[in-house]
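Input: a single structure, listed below in structure tokens.
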Amino acid sequence: MSDTSTAEGAAATNGKLSHRQILTVLSGLMLGMFLAALDQTIVSSSMRTIADELHGLSLQAWATTAYLITATLSTPLYGKLSDLYGRKPMYLTAISLFLIGSLASGMATSMYELAAFRAFQGLGAGGLMSLALAIITDITAPRERSKYQGYFMAVFGISSVAGPVVGGFFAGIDTFAGITGWRWVFLVNVPIALAALVVVTKVLNLPHTRVDQKVDYWGAVTLATGLVPLLIVAEQGREWGWGSAASIAMYVVGGLGVAAFVWIERRMGDAALLPLRLFKRPVFRMATLVTVVQGAGMFGAMMSLPLYLQIVKGATPTQAGLQMLPLTLGIMVASLTSGRLIAKTGRYKMFAVAGIGLMAAALFALSTITVDSSLALVMVIAFVIGLGLGASMQTLVLAATNDVRPQDIGVATSAATFFRQIGGTAGTAVFLSILFGTVGDRIANAIRSAMTSPAYVSALAQNPAFAQQLKSGGLDVNDTSFLSSLDPTLARPILQGFAESMSTVFLVGGIVLTVGFALVWFLKEKPLSDKSAMEQRADAEAEAAPALALAH
């Protein structure tokens, strides 16, 4: 395997960048990361309106599933290819694919087209977040890195609030600038992506050492074979039935694909898409394991809390987004504070422990809320969740990347993103199944209890259509839009049922994060290097130069 040095631009010869240079590069990375983070929330808050407009309500889940599959599968591929060919060309590729996919999605005329275009958009999304983390790892020393990763966490938090607000706004208007309102949910990405392309092209000028190595195409094929069926069943299993023939077929194909992937990776060695030797490193292995658990709990909380605000408290998607502001504030406070303290002390494990502990405690607190809980209490708990996220999420990435060779930064950061997505997908599937698997019985029990109230019986008598609906087959809990126009007396048992089921979801999430809290204590705290990956590579090349000269 031979190395040939190339340069993506003029950088300091020793690989060290000034604070100003780092902030300049960071500006381009944050634009790219904002694209990916915003898209996750802006689409979910408006998908029902989009599905109604495209007459494909029953197909709406596929638009999300297609995006999730391609974004997840492409994440490790971007990491490996960027190690081989350089971060800049791969990051520009990711932004360009996302831009084209966004533009096409905004022009879709059917749900089938939208699903296809969203899949294309996901091919770009897979590189936006993981490559941003890889690049900041390249140019900053581990001890200083958390200060800069705090900016990324701030972007993540802001997008979690801005997405529902912007998505709800565009979904709620007929036209904007002569174009149908919902199409701007995707078209709003276009100017941001164009700005990111310009900024990244101009400022992302880093040296790169080209490594002549095979691309693990078979690894990519077997990973797709393993993950696509499992991701599909995670998204569709609740509709199909977890024990249905279709679900079982997906389990079998997915299991065989994963087994084939592990076998291929073992044979490929260093050229593997996800080199298995990384998992022999105790810090990387434990940080990755905790990341999966945290991803499950994190996405479970961030999926369930807006549902509580919208269904039980009657908030619109825009209002729910604004009510999540305390969570964003918590993320920003904790990420920026922990970043500065890590830079000052060199200690990071305590932030991972405290962060996951706070998240677990917050979810247990959420499990006690009822239909009558005050909004102020919910927002305080959301702030605590934000504190936990801000303290732990970046710290686990820092621990994992501090434990690998500079040459493996791309695969290490993409692995962290990849496994968090896997945990989040599994967690979301489990939590939604718990919610919709229990809510029917909880509502039925609440209605039976309400029948003993004269006020409820009187209200039911005045709404014969609703009474007939209850007698004929119950309620369709997949569509709660009728609650906004239903008599509050009749609506209360339904809201009570949802609140009780969501309490169960939060309780399970708290238990999952308690497992993560127990595991994170076993994370070894490896001393943080004072040199960036770029500086370490430059030092290695300088040491190797005399030997190469003598050899020639």
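Sorted by first and then second residue, the side-chain hydrogen bond (donor to acceptor under 3.5 Å, both in side chains) pairs involving residues 381-392 (not counting sequence neighbours) are Q294-S392. Applying the side-chain hydrogen bond (donor to acceptor under 3.5 Å, both in side chains) rule to pairs touching residues 179-193 yields D39-N189, S102-N189, sequence neighbours excluded. Under the salt bridge (Lys or Arg N to Asp or Glu O under 4.0 Å) criterion, the residue pairs touching residues 487-505 are D372-R492, with sequence neighbours excluded. For the side-chain hydrogen bond (donor to acceptor under 3.5 Å, both in side chains) condition, the pairs that include at least one residue of residues 452-461, sequence neighbours left out, are S458-Q462. For residues 325-342, there are no salt bridge (Lys or Arg N to Asp or Glu O under 4.0 Å) pairs, not counting sequence neighbours.
Here M107 pairs with L103 under the side-chain contact (heavy atoms from CB on, under 4.5 Å) rule; sequence neighbours left out. Not counting sequence neighbours, the partners of L73 by the side-chain contact (heavy atoms from CB on, under 4.5 Å) test are I69, L223, A224, L227, V228. In this structure, the side-chain contact (heavy atoms from CB on, under 4.5 Å) partners of L230, at least two apart in sequence or on a different chain, are V258. Taking the ring pair (Phe, Tyr, Trp, His ring centres under 6.0 Å) definition, one finds that F186 meets it with nothing, sequence neighbours left out. Residues passing the side-chain contact (heavy atoms from CB on, under 4.5 Å) test with D174, sequence neighbours excluded: none. Not counting sequence neighbours, W242 has no partner by the ring pair (Phe, Tyr, Trp, His ring centres under 6.0 Å) test. Qualifying ring pair (Phe, Tyr, Trp, His ring centres under 6.0 Å) partners for Y67, counting only residues two or more places apart in sequence or in other chains: none.
No side-chain N or O of T75 forms a donor-acceptor pair with one of S414 less than 3.5 Å apart. At a cut-off of 3.5 Å, with distance as the only test, no side-chain donor of S449 or Q496 sits close to an acceptor on the other residue. In this structure, a donor-acceptor pair under 3.5 Å is present between the side chains of R442 and T504.
At distances below 3.5 Å, not a single donor-acceptor pair connects side-chain atoms of S367 with backbone N or O atoms of L507. Of the possible donor and acceptor atoms, none in the side chain of K313 sits under 3.5 Å from a partner among the backbone N and O of Y308. The main-chain N or O of S335 is found under 3.5 Å from a side-chain atom of S338 such that the two form a donor-acceptor pair.
Aromatic pair F506/F364: ring centres not closer than 6.0 Å.
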